[in-house]
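These notes concern the structure reproduced below.
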Amino acid sequence: MNGSRTRTQAGVNLPALRHHNATLVLDLLRAAGADGISRLELAEGTGLTPQAVSKITARLREDGLAVGAGLRPSTGGKPRTVLRLVPDAQFAVGLHLDRDGLTAVLVDLAGRPVAVTTAPLDLGAPAEQVLADAADAVRDLSAAEPHKPVLGVGVAVPGPLDHRDGVLHRVTGFPQWDGYPLRAALAERTGLPVVLDKDTNAAALALALGGAGGGDFAYLHLGTGLGAGLVLGGEVHRGARTGAGEFGHQTLQLDGPLCGCGGRGCIEALCLAAEARGDRGEAARVLGMGAANLVGLLDIDRVVLGGRTVAADEDAYVRGVRAVIEERAARGGAGAGVTVTVAGGGDRPVAEGAAQLVLAPVFGRVGERG
């Protein structure tokens, strides 16, 4: 997902795969940025013939998705025409529906935020009210670029949920959402295609597409709850039922405090309880214990922390999580060389990742691991 395409991803010159080939070209245009890329380089990068690339780029220019970016000297013959993506040709909306707030972002084709809004949200309110708030946010953001098409809406919410069918399951603390077809309901409200995923998966997708560090990693989001997004082999790992990443509900203390999921001693409950009593060091250490377990189980390269609770004291959480992982490694366990970093911005990376749920297929980056 972050490097050059593999042989199996290279373009093939068959009419049935014309759309697939266009996504290959679009992805290279996106990666080239403002500097642009020549048709010859596009052919080399995709495995398509120069003729096929010429036809695809002609269509993209007609559609306003690509434009000439000048000439580049050639090693022989006439200079090469350079093309670049037009980022503001189309947009996507990303929504993060959290338990107590809504963050909405409008991003261009390059993934850059153009407009951001935040508002209170009560996830425990009737579904019609939550839908109305979400639809209003989409409408307001779309008005920021009224003459440009919005490709769709990505929605990131606390899990568990069914990513493929767009249906919520028993969201911790909000059992009334169990079985609710949020994707279909919001699509009907907005008239736009909608993609639904867990908040942690959305953020992990954005990090993976951003190429920050590469390798296998876990994104741990501590905000109003706690969950994980896993990127393994360059792909978001969702599991057979798209429910992977319920990290916050592994039990660390059998007789611990009651959790909103109905269990006791869950990492989420322990972390939030420590934060509530002002013991941030303990909260970070508890999170570190869970992270160390994850490192040992999956042999990942990195742990990335995020969420509003982490944002309140990033250094304390990085120190605490890193310390536990290093202690485990010093005793002969896994964790040697594992890095611990922070995805800055609090909850905003989740909304930006939600928009990437819409954009990723445009560029042929739809990898997910079952």
Side-chain angles (χ1 to χ4, degrees), residues 90-108 111 113-146 148-203 205-206 221 223-225 227 229 236 238 242-243 347-362 366 368:
Q90 298 176 346
F91 295 88
V93 173
L95 299 180
H96 178 201
L97 307 183
D98 206 351
R99 294 169 174 84
D100 61 358
L102 184 156
T103 302
V105 60
L106 182 73
V107 305
D108 64 18
V114 174
V116 181
T117 64
T118 59
L121 179 75
D122 179 8
L123 201 60
E128 284 299 309
Q129 182 58 55
V130 175
L131 280 174
D133 291 344
D136 287 347
V138 173
R139 184 197 64 238
D140 293 345
L141 283 179
S142 299
E145 293 288 343
K148 301 290 181 65
V150 173
L151 295 173
V153 181
V155 184
V157 298
L161 55 79
D162 188 321
H163 163 68
R164 296 190 185 99
D165 291 339
V167 175
L168 297 181
H169 290 324
R170 193 180 176 88
V171 177
T172 302
F174 301 91
Q176 70 272 23
W177 286 102
D178 190 18
Y180 188 82
L182 180 59
R183 182 181 68 193
L186 189 57
E188 183 177 355
R189 280 266 188 164
T190 62
L192 292 168
V194 174
V195 185
L196 177 72
D197 208 342
K198 289 169 57 174
D199 46 11
T200 49
N201 286 344
L205 175 65
H221 185 94
T224 58
V236 176
R238 294 185 172 90
T242 74
D347 291 342
R348 180 167 157 178
V350 176
E352 294 177 5
Q356 289 292 349
L357 294 169
V358 176
L359 293 181
V362 174
V366 293
E368 64 184 56

Sequence neighbours excluded, the answer for side chain to side chain donor-acceptor pair (under 3.5 Å) partners of D100 is R308

Under 3.5 Å, sequence neighbours excluded: what are the donor-acceptor pairs made by side chains of residues 179-196?
{"from": "R183", "atom 1": "NH1", "to": "R164", "atom 2": "O", "distance (Å)": "2.8"}
{"from": "R183", "atom 1": "NH2", "to": "R164", "atom 2": "O", "distance (Å)": "3.4"}
{"from": "R183", "atom 1": "NH2", "to": "D165", "atom 2": "O", "distance (Å)": "3.1"}
{"from": "R189", "atom 1": "NH2", "to": "E128", "atom 2": "OE1", "distance (Å)": "2.3"}
{"from": "T190", "atom 1": "OG1", "to": "L186", "atom 2": "O", "distance (Å)": "2.9"}
{"from": "T190", "atom 1": "OG1", "to": "L192", "atom 2": "N", "distance (Å)": "3.2"}

With sequence neighbours left out, the residues meeting side-chain contact (heavy atoms from CB on, under 4.5 Å) with Q176 are F174

Smallest heavy-atom separation, A206 atom then G353 atom, equals CB-CA, 3.6 Å

Closest non-hydrogen contact found for A137 with L102 is CB-CD2, 3.8 Å

Are the side chains of L151 and L359 in contact, using a 4.5 Å heavy-atom criterion?
yes

Step by step, work out the side chain to side chain contact (heavy atoms under 4.5 Å, CB included) result for T172 and R99.
CA-CA 10 Å; T172 302; R99 294 169 174 84; 4.0 Å; yes

Here the pair of heavy atoms bringing E352 nearest to P113 is OE2-CG, 3.4 Å

For the residue pair V350 and T103, establish whether any side-chain heavy-atom pair is separated by less than 4.5 Å. no

Distance col, row K148:NZ vs D108:CG, nearest 0.5 angstrom, shows 9.5 Å

Taken in chain and number order and not counting sequence neighbours, the residues that satisfy salt bridge (Lys or Arg N to Asp or Glu O under 4.0 Å) with R170 are none

Here the gap from D197 atom CG to H163 atom NE2, rounded to the nearest 0.5 Å, amounts to 5.0 Å

Between L106 and A144, the two heavy atoms sitting closest are CD2-CB, 4.1 Å

d(H221 NE2, H96 NE2) to nearest 0.5 Å is 5.0 Å

Residues passing the side-chain contact (heavy atoms from CB on, under 4.5 Å) test with T117, sequence neighbours excluded, are A104, L141

Notebook entry, point to check: Is W177 close to V157 at the side-chain level, that is, under 4.5 Å between some pair of heavy atoms?
Noted result: no

CG (D178) and CG (L161) are apart, to the nearest 0.5 Å, by 11.0 Å

Between V155 and A354, the two heavy atoms sitting closest are N-CB, 4.1 Å

Taken to the nearest 0.5 Å, the spacing of T118 OG1 from D347 CG works out to 10.5 Å

Problem set entry | Expected output: side-chain S142 to main-chain V138 donor-acceptor under 3.5 Å | yes

For A156 and A202 the tightest heavy-atom approach is CB-CB, 3.9 Å

**Study point:** Side-chain heavy atoms of Q129 within contact of D122, under 4.5 Å
**Key:** no

ring-ring contact (aromatic ring centres under 6.0 Å, His included) pairs touching residues 120-146, sequence neighbours excluded, are none

CG (D199) and OG1 (T224) are apart, to the nearest 0.5 Å, by 7.5 Å

